[in-house]
Structures are given as structure tokens and as C-alpha cells.
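Here the structure is laid out as C-alpha cells; the discussion comes afterwards.
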Amino acid sequence: MSNEPITLTAGDAEATVLPGNGGRIGGLRVGGTELLRQGERYGCFPMVPWCGRIREGHFRDGAVVHRMPLNSPPHAIHGTARDAAWRTARATADEAVLTYDLTDPWPYSGRVTQVIALTGDALTLTMSVETYESSFPAQIGWHPWFNRTLDGTGVEIAFDPAWQEERGDDHLPTGNRIDPKPGPWDDCFGMPDGVDVTLTWPERLELKVTSREEWVVVYDEQEAAVCVEPQTGPPDGLNTLPRLVTPLEPLEATTTWRWTRL
């Protein structure tokens, strides 16, 4: 199938899926109100085959060192798939299945599948990376840009992480875990019981971002939007906490955004 835009609907919710622009969610409207920041770089894009920054673009797989393009000098950031066109494998009124085949500059072959499922009160995103050839380290995550204000009402962020990854001057974790600090944040947090972050626009909407994964980056240093990014490991995780994709064991992750009118 083509990579033309897809519109999903369920109840009074509508999601726009953009396979041709990095497999991202271009918009999510609830009762006509847009929840995601608009623009080619925004919405919500999948982070794969890594999340956040790789230190100086280098990661090691055994004795081999691979180098990724420095798209956020001096580091490589957010994977390769957000800059690529995905293909639509299947689409119905309320669900789309997209695929992307890993290719240069990523040094390993594999297929990424993303399922986007909409209901009247939730959007669920599921992603997997599989290979039938060499095993390789990888990460999965999502980078949504939620509008900071809805109809003039500012957002409040609530979550209870077990720790915060200490951030060095190079924007990467130092390896130390510290007690969570007050925002503003561009930081990675540990939630070993699973990601659970609540965004509240008082008297408008409450939205809960959940995932079985235990890592989340929260970014609220931008005026227009806030980001809540569930992922399978911390930034620079290809080096510090690699998760292997093997022919017998794909890497899979899911996140759900569930909303309630206030």
C-alpha cells in the first residue's frame, strides 16, 4: 500500500497518521480540540532503532564500533526512522499498521512494525523490531509533542519517578541516579513499575501516558509543547544498557494515551 496520510476515527476522537513523514502521528483531536503540536517535525514520532542521544554518534556491538550521523552535534539523536517514509501494511477506520525496513546508515537489517489503534478515549501505539539475520542492540520509544495550552488553559504535569538520571553538561546521563528534581526538565526518569505520567489541562482534559517500560524522558523546556517519551532504555542506552534484537526475540514496546474530559 501507499504512504498517503491516514485518518482514524473513533467516537469524537480523530487521529492523523503520516506514514510518509517518519511514521508519525500528525494530529490527535478530541472533540475537535487538537492535542499535539502541529508541524512537520512535531506531532508524535517513533524513536527507533535508538532513543535520545548516542554519545558522539558512536555505539559498540561487541568489538565493532559503529558511527551514526551527528544530526544533533556532537551527538546522534532519536534514531533514523523519523526521517524516513514508512509503508502502510493495513488500515481500517480505527487502526493502522505501518512498516519500515532498517537501512543505511543503520548497519543492520531488520523490520520495524508500528500499530496505531484509536478508541473513543485512548490511543495505543505498539512497536516491534525484528530481524532474521544478525542480532543487534536497539531501542524503541515515542516522542509526542503535547500542546502546552488547550484553549488558553495551561498543562500541569504529575508523575512519581523512583529516580532521575543525573544529566551531564553534554546532555547525557552520567550513570548516577539521583532523587528527582523539580522542573523544568529535559531529563530521563526511572519508573520501575511502568511509565505513568498524567497531563492535566484544568477544567478541560486529563491525559494519562502509560507504558510497561520503566524509562521516560520528560521535556518541558519549550514554550509551545511538553513531551512525555516512554522508551525501552535511557539516552545513550545502546552503549550503557543495550537490548538485543535476535532472530528468536524481537524488541517490542507499547504506550497508551488515555484521556478524560473534565
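Quick note: numbers below take in every heavy atom, side chains included, and nothing from hydrogens, waters or symmetry partners. These numbers were taken from a predicted model, which means no experiment stands behind them. Position 1 is the first residue of the sequence, and the numbers go up from there.
- A heavy-atom distance below 4.5 Å is found between the side chains of Leu28 and Trp259.
- In this structure a side-chain-to-backbone donor-acceptor pair under 3.5 Å is present from Gln164 to Lys181.
- Using modelled atom types and a 3.5 Å distance limit, the side chains of Thr260 and Glu206 yield no donor-acceptor pair.
- Side chains of Asp61 and His66: no donor on one and acceptor on the other come within 3.5 Å.
- Judged by distance alone, with hydrogens and angles left aside, the side-chain atoms of Asn21 form a donor-acceptor pair with the main-chain N or O of Glu40 at under 3.5 Å.
- Asn3 contributes no side-chain N or O that, together with a main-chain N or O of Pro19, makes up a donor-acceptor pair within less than 3.5 Å.
- The closest side-chain donor-acceptor pair between Thr232 and Gln139, if any, does not fall under 3.5 angstrom.
- Gln231 and Trp50 form no side-chain donor-acceptor contact under 3.5 Å, judged by distance and modelled atom types alone.
- Both Val216 and Leu123 are assigned to one and the same hydrophobic cluster, defined by single-linkage of ILVMFWY side chains at heavy-atom distances under 4.5 Å.
- Sorted by first and then second residue, the pairs that involve residues 137-158 and meet salt bridge (charged side-chain N to carboxylate O under 4.0 Å, His left out), not counting sequence neighbours, are Asp151-Arg204.
- Residues Val17 and Ile116 come closest through the heavy atom pair CG1-CD1, 3.8 Å.
- At least one side-chain heavy atom of Phe136 sits under 4.5 Å from a side-chain heavy atom of Leu102.
- Side-chain N or O atoms of His58 include none that pairs as donor or acceptor with a backbone N or O of His75 at under 3.5 Å.
- Remark: the Arg29 side chain and the Thr16 side chain contain an N/O donor-acceptor pair separated by less than 3.5 Å.
- Applying the side chain to side chain contact (heavy atoms under 4.5 Å, CB included) test between Cys227 and each of Arg37, His143, Glu221 identifies His143 as the sole match.
- In this structure, Asn147 contributes its side chain and Thr149 its backbone to no donor-acceptor pair below 3.5 Å.
- Side chains of Thr246 and Ser135: a donor-acceptor N/O pair is absent below 3.5 angstrom, by distance only.
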